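To keep things clear, I will list the structure first and then write my remarks on it.
Being a predicted model, the structure only gives us computed values, none of them experimental. A, B, ... follow the sequence lines: proteins, then strands. Residue 1 opens every chain.
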Amino acid sequence: MENVEIARALLDVADLIEIQGGNPFRVRAYRNAALTVESQTVALRKMVEDGKDLTELPAVGKDIARHIKELVETGKLGVLEELERQVPRGLIELTRLPGLGAKRAKLLWDQLGIQTLEQLERAARADEIKGIKGFGAKTQQRILEGIAAYRKRGSRFKIVDADQYVEPLVEYLRRDPAVESVDVAGSYRRRRETVGDIDVLVIAKDAGAVMKHFTAYGDVTTVQLAGDTKGTVVLKSGLQVDLRILPKKSYGAALQYFTGSKEHAVKVRQRAVERGLRLSEYGVFEVEKGKEPDDEERDPWAGRMVAGKTEEEVYAALDLPWIPPELRENRGEVEAAARDALPDLIVLEDVRGDLQMHSTWSDGKYSLEEMMDACVERGYEYFAITDHSKALAMTGGLDAKKLREQWKEIDEIASRRSDIRILKGMEVDILADGTLDLEDEMLAQLDVVLASIHSRFDLPAAKQTERVLRAIRHPEVNILAHPTGRQINRRDAMDFDLDEVLRCAVEHEVVVEINAHPDRLDLKDTHAMRAKELGGRMAISTDAHRPAELAFMRYGVDQARRAWLEKGDVINTLPYDRLAEILAKRRP
DNA sequence: GCCGTTTTCGGCCCGACTGTTTTCAGTCG
C-alpha cells in the first residue's frame, strides 16, 4: 500500500461523506489528512511497520491514524466500505464535472437513480435532467458539454504544454490598451509539474473592454462565464482559462490569493485571524468591533485596509517576508518564513553545465559537436555527453568498442576547442539483476557515469529496490538518473523503496538526478526535498536529445525550487574543477 | 475529524457568478 493509494482512499471517504451530506468539517479533515499523506516521502507503510506514531503527522489524529494502519495492514478500509454501501462511488466522478457538486450529484441519484457518467449522459440526452428542481435546460446542456470535455481532457496539462498556450495568450492580453498589467497566478506560477487550469489576473482601465477582448481570443472555443470581474473560457486544446479583473489597490492580495496553493492561502489567512486581521483577495483588513467576518451583511471593504497593493505588503502585514511561489504548498514555508529561515533558492543562472544529453552516437538527433555548440550558446562551462549503453538496442546503445570510437571523436574535438569542457559520460543501463551494462574497466575511464533503469519496471518492490541499491554500491557510479522511472501522465513511478535508495545514495556519495525533461521531472519535488533532508546531493540534467531541449533546464530548476533546493545542493552549479573532484572521488 | 501560548470545547477562509429564483443555494477556486 503506497502513500498515493492511502491518500486516494482518504479522499474517497471525504467525497462520499460530502455527497451523503455529512459534516463539512469532517470532510475537510479527511482531505487535509490526504494532503499530508501525499506529500510524505517516507512510506507510511514503513512508519506503521516501525511502530511510529502517525498522529505526529499534521492533520492526522487518532481516527485517521487508525484508518491508515488498517489500510496498510489489511489493504482495506472499513469506513470506506461502509460508505460505499450507502452511496454509489460512481457519484464521485459526477462531481468532477463543472457545475455539479456533491449536493446535485446526490439529487440526481435520489431522483433519477443516476450513478455513473454514462447514465448521466443518457438522462441528459433524454431531456430528463431539466425536470428536477434546481436544474434547468442550461444546466442540462452544460452537463453534456462537461462530459465531452472531461473525456477529451482526462488528465492535467504538463507545465511545458501549458507554457505553449499561456505565453501567446498573455501577449494577446497585453496588446489591449485597456490592460495595465497581466500576471498568471495559480499552479502555473507555482511551477507545478502539471496544471489543471490557468488563472490570469489583470489590472484594467476598462473592465468591460478587457473582458470582451479576452472572450474574443482566437483560440477560445467556449465562453463558460463572463461577469464584471470574472470570466472563464476553454481553449481549443481543452485548457480552461480564468480571467480576473482587479482594482490596483488590492492587486497584491489577489495575486497572493490566486497563486495559492489553497492550503498555503488557508494557512496565511489563519495567521491573519490570529492577528485580528482579515485577509481576502481584496486586501488585509482590520476587523471592526461588532463587524466580525461572520456578520450577516458582509462587506469586503469593511474595516481599515492595511495592505493589498503588493504581495510583499500583504506578507509584511502578517509579519512575514515575501515567500517565493514555488514554496507555497503549506510544507512548512509559513513557519520557516516566520523564523526568517526561508531557503535561498537556486536560480537558472546558477547552472554551469548539463550532465545528461545524447547525440547521434545513440538515439540523439544531432551530432556531438552540434550539442556542444548549443551548450556554448547557453553559456555553459562544461557538459557531459551521455549516450546509452548497448542493452538499449532500440536506441543504438554503445558497446565498449563503439564507446572507444566516441572517445576518439571527443578527444579530437577537445584538442581544437577550448570554449567548453567536455566530460566523457554514459547513461549505463542497470540490468535486471542490478549489474551495469558496461565493463568495469571501461566505466573507470569515464568522467561521469550515470546509471538508470529503462526496462523491467514491473519487478516486485523488494527486488527492484535491491536492483537499484546494487547499482548505487558500484564504485564507478556517479549519478542515479531519473531514479523512479515515472513519466508524467504516462507511467507511474516504479514500485520500490525510494527512501532506502536515497539513504544508500547519500552513504555512497552517489548524486541523484532531477531529470529536467518535462515528461519526467524525476525526482519530483517532494522526493528531491527528501533527498536534501537526508543530506543528498543532486544534479539537474535535461536528458536533451536535440539542442532545443537543453532549454528544459528551466523545468528542472523549477522543480528544484519547489524542493527548497539551494545552489549548494546541486553539483552542476559548481565550477568545473570542484565538479571534477567530486566525480573523481567516489569513496573514502 | 482535527486542533489548542486566552482552548479538551467549539471553532474550522472568503467571495463571485450562475441558474432558477421570488431572496438564494450550489458550485468553484
Using the salt bridge (charged side-chain N to carboxylate O under 4.0 Å, His left out) rule, collect all pairs that involve residues 171-183 of chain A, keeping only residues at least two apart or in two chains. A/E180-A/K248
Got a sec, which pairs hit salt bridge (charged side-chain N to carboxylate O under 4.0 Å, His left out) with one end in residues 9-21 of chain A, sequence neighbours left out?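 Residue pairs with at least one partner in residues 9-21 of chain A: A/D12-A/R89, A/D15-A/R31, A/D15-A/R96, A/E18-A/R31.
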Please check the phosphate of B/dA16 (OP1 and OP2 only) for any side-chain N or O of A/Y282 closer than 4.0 Å. yes
Any pair with a residue in residues 188-222 of chain A that passes ring pair (Phe, Tyr, Trp, His ring centres under 6.0 Å), sequence neighbours left out, goes on the list, sorted by first then second residue, please.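 Non-adjacent pairs meeting ring pair (Phe, Tyr, Trp, His ring centres under 6.0 Å): A/Y172-A/H213, A/Y172-A/Y217.
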Does A/K205 have more than 12 heavy atoms from other residues, nucleotides or ligands lying within 6.0 Å of its NZ?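 Counting other residues, nucleotides and ligands, NZ of A/K205 exceeds 12 neighbours.
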Would you jot down, in residue-number order, the residues of [range] having a non-hydrogen atom under 4.0 Å from DNA chain B?
range: residues 14-28 of chain A; value: A/N23, A/F25, A/R26, A/R28
range: residues 258-273 of chain A; value: A/K262, A/V266, A/R269, A/Q270
range: residues 309-341 of chain A; value: none

Which pairs of donor and acceptor atoms, one on a side chain in residues 98-106 of chain A, lie under 3.5 Å apart (sequence neighbours left out)?
unit_1 : atom_1 : unit_2 : atom_2 : d
A/R104 : NH1    : A/G99  : O      : 3.2
A/R104 : NH2    : A/G134 : O      : 2.8
A/K106 : NZ     : A/D110 : OD2    : 3.0

Atom pairs, N/O to N/O, protein against nucleotides 8-11 of chain B, distance under 3.5 Å?
none

Qualifying residues under side chain to side chain donor-acceptor pair (under 3.5 Å), relative to A/E335, sequence neighbours excluded: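 A/K267.
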Want to settle it: does A/R96 or A/T55 sit nearer the 5' end of DNA chain B, counting the closest nucleotide to each?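 Counting from the 5' end, the first nearest nucleotide belongs to A/T55.
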Scan nucleotides 20-26 of chain B nucleotide by nucleotide, 5' to 3', and note B when protein non-hydrogen atoms come under 4.0 Å of the base, S if they reach only the sugar-phosphate, - if neither. S-----S
Out of B/dC2, B/dA16, B/dG29, which nucleotide sits closest to the side chain of A/R244?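 When the side chain of A/R244 is considered, B/dG29 is the closest of B/dC2, B/dA16, B/dG29.
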Looking at B/dC14, B/dG29, B/dG1, which one has an atom nearest to any side-chain atom of A/S280? B/dC14
For a quick check of understanding: with a heavy-atom distance under 4.0 Å over all strands, which category does A/T232 fall into, base, sugar-phosphate or nothing? nothing
Presence of donor-acceptor pair under 3.5 Å, side chain of A/Y257 and base of B/dG29: yes
Considering only residues two or more places apart or on different chains, which pairs with a residue in residues 222-234 of chain A satisfy side chain to side chain donor-acceptor pair (under 3.5 Å)? A/T232-A/D242
With A/M553, which residues qualify under side chain to side chain contact (heavy atoms under 4.5 Å, CB included), at least two apart?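 If we apply the side chain to side chain contact (heavy atoms under 4.5 Å, CB included) test to A/M553, skipping adjacent residues, the hits are A/L348, A/V351, A/D354, A/R378, A/Y380, A/I540, A/T542, A/V557, A/N572.
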